[in-house]
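What follows is a set of notes on a single structure, which appears directly below.
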Amino acid sequence: MTTLDRRLHAFRPDLADAALQGQVQATRFVTQEPARIVLPVVDLHPTPDMTAGIDTQLLLGEAVSVFERAGGIAWVQAVADGYVGYLPEAALGAPEATTHVVCVPRTFLYPGADLRFPRRDTLSMGSRVTVVGEAETRGTRYGLLADGSALILRHLRPLTDSPAEDFVSVAALFLETPYLWGGKSGLGIDCSGLVQLSMTMAGLKVPRDSDMQAAGLGTPITREELQRGDLVFWKGHAAIMEDEEMMIHANGHTMTVARETLADAIERIGWLYGTPTGYRRPVAET
């Protein structure tokens, strides 16, 4: 039988995705059940232990495929990037067609169309919602959700509109955002999460982890060819070039998303992780 990446394929000795029948061994194969994320940010774990470290996160409105629900825990696969893991079953709701995506790093969800109301929650860039109407209060326009809650309308982009033109500018919006291992939101983000989320907002399909990005995102180039929008990889790390010299990356040194020259980063990182493993120009799949 084929050995597959557990991050991208749902299989265990007792249970596996029906699509993998003939490729893996399992006691039982199941057909995936569609669902969506109904909480602002949800951690995705590699095991059913919700106290274990996380691999990545899923955002409000993201579509998932569910393979198992047991003991309040669900085993799922994200539709957007194929990542497999475990999350609280309470994070799941019925599939729903969304209309807008949050296009700023963070925004607030209010119980009604008034920014003076106490916020109900905080949503990250990339969260998807279904706007059923609009309202204006004291000159501020709001997008209304089915339950009456509201978001600042200018913080939302209709999914029918064109995506961002420059993902590097999107990444720069996250400067000073706290570093979070496995994070993929405006509340906390890691290096490959920054690459994925900013490029997703530009309409590009991008793998989640840095090793996946380094292996197949775009085309390899040399350091001398670097320009705005190119990516630099170390073992377990990724950075986005703003120009030939300056880069943006979420990093454990500053514990934030920060700017740093490539030369300084190579010197600082080298003693612990070695020199960059590659440079790539991300011509990604739309």
Side-chain angles (χ1 to χ4, degrees), residues 5 7-8 55-57 80-83 103-105 124-126 162-186 188-286:
D5 190 334
R7 296 173 296 176
L8 299 176
D55 278 338
T56 185
Q57 294 178 317
D81 61 15
Y83 220 104
C103 58
V104 293
S124 167
M125 179 186 286
S162 299
E165 293 183 0
D166 177 23
F167 82 88
V168 183
S169 296
V170 176
L173 295 175
F174 289 91
L175 286 167
E176 304 301 331
T177 298
Y179 177 86
L180 176 66
W181 179 273
K184 196 188 73 172
S185 85
I189 200 162
D190 68 12
C191 62
S192 55
L194 180 65
V195 172
Q196 186 189 52
L197 182 53
S198 58
M199 293 185 70
T200 296
M201 295 301 294
L204 304 171
K205 186 175 181 180
V206 182
R208 173 59 178 94
D209 289 344
S210 61
D211 64 320
M212 302 174 187
Q213 296 168 358
L217 181 55
T219 58
I221 57 173
T222 65
R223 179 177 176 181
E224 291 69 32
E225 296 175 286
L226 285 173
Q227 63 185 28
R228 183 178 179 85
D230 290 338
L231 305 177
V232 182
F233 295 97
W234 286 261
K235 183 179 180 180
H237 189 58
I240 301 167
M241 297 302 297
E242 278 196 296
D243 54 34
E244 295 84 353
E245 298 180 358
M246 188 69 66
M247 66 185 211
I248 301 173
H249 61 150
N251 67 92
H253 176 64
T254 65
M255 289 302 294
T256 63
V257 177
R259 284 190 172 99
E260 186 174 12
T261 67
L262 175 60
D264 286 346
I266 289 175
E267 180 178 359
R268 178 179 59 77
I269 295 171
W271 71 272
L272 187 60
Y273 294 110
T275 57
T277 57
Y279 308 88
R280 298 189 77 89
R281 183 153 296 157
V283 182
E285 178 186 350
T286 58

- Could you tell me the separation between the OH atom of Y279 and the OG1 atom of T219, rounded to the nearest 0.5 Å? 15.0 Å
- Item | Derivation of the side-chain contact (heavy atoms from CB on, under 4.5 Å) call for V168 and S198 | CA-CA 7 Å; V168 183; S198 58; over 6 Å; no
- Answer yes or no: are there more than 12 heavy-atom neighbours, outside Q227 itself, under 6.0 Å from its atom CD? yes
- Item | Residue pair T56 / K184: nearest heavy atoms and the distance that separates them | OG1-CD, 4.0 Å
- Item | For the student: nearest non-hydrogen atoms of P163 and A202, plus distance | CB-C, 3.5 Å
- Under 3.5 Å: donor-acceptor pair, side chain of Q213, backbone of A238: no
- Query: Nearest 0.5 Å, what's the SG-CD1 distance between C191 and I240?
  - Reply: 9.5 Å
- Test item: side-chain donor near acceptor, T222 and E225, under 3.5 Å: yes
- Query: Quick one: does N251's side chain have a donor or acceptor within less than 3.5 Å of a partner on T256's backbone?
  - Reply: yes
- Rounding to 0.5 Å, atoms CD1 (I269) and CG (L272) come to a distance of 9.0 Å
- Apply the side-chain contact (heavy atoms from CB on, under 4.5 Å) test between M241 and each candidate in H249, M247, R281; give the one that qualifies. M247
- Can you spot which of Q196, Q57, R208 makes a side-chain hydrogen bond (donor to acceptor under 3.5 Å, both in side chains) with D190? R208
- What pair of heavy atoms forms the shortest contact from A250 to Y179, and how long is it? C-CD1, 3.7 Å
- Smallest separation among heavy atoms of L197 and S185, with atom names: CD2-CA, 4.4 Å
Mind listing the side-chain donor-acceptor pairs of residues 169-178 below 3.5 Å, one per line with the distance, residues two or more places apart or on another chain?
from: S169; atom 1: OG; to: D166; atom 2: OD2; distance (Å): 2.6
from: S169; atom 1: OG; to: R228; atom 2: NH2; distance (Å): 3.2
from: T177; atom 1: OG1; to: F174; atom 2: O; distance (Å): 2.7

- Query: At their closest point, which heavy atom of A239 faces which heavy atom of W234, and how far apart are they?
  - Reply: CB-CZ3, 4.2 Å
- Task: Look at the side chain of R280 and the backbone N and O of L217, then say whether any donor-acceptor pair between them is shorter than 3.5 Å.
- Result: yes
- Message: Is the shortest side-chain heavy-atom distance between F167 and P282 below 4.5 Å?
- Response: yes
- Task: Apply side-chain contact (heavy atoms from CB on, under 4.5 Å) to L194 and V257, showing your working.
- Result: CA-CA 8 Å; L194 180 65; V257 177; 3.9 Å; yes
- With rounding to the nearest 0.5 Å, note down the distance linking CD1 in I221 to CG in L226. 4.5 Å
- Task: Mind running salt bridge (Lys or Arg N to Asp or Glu O under 4.0 Å) on R7 and D209 for me, showing each step along the way?
- Result: CA-CA 10 Å; R7 296 173 296 176; D209 289 344; 2.9 Å; yes
- Item | Minimum heavy-atom distance between M125 and C103, given as atom pair plus value | CE-O, 3.5 Å
- Note on the structure: Applying side chain to side chain contact (heavy atoms under 4.5 Å, CB included) to T261 and not counting sequence neighbours gives M246, A263, D264
- Query: Going by heavy atoms in the side chains, are D81 and P207 under 4.5 Å from each other?
  - Reply: no
- Task: Might you work through the side-chain contact (heavy atoms from CB on, under 4.5 Å) test for L180 and I189, ending with a clear yes or no?
- Result: CA-CA 5 Å; L180 176 66; I189 200 162; over 6 Å; no
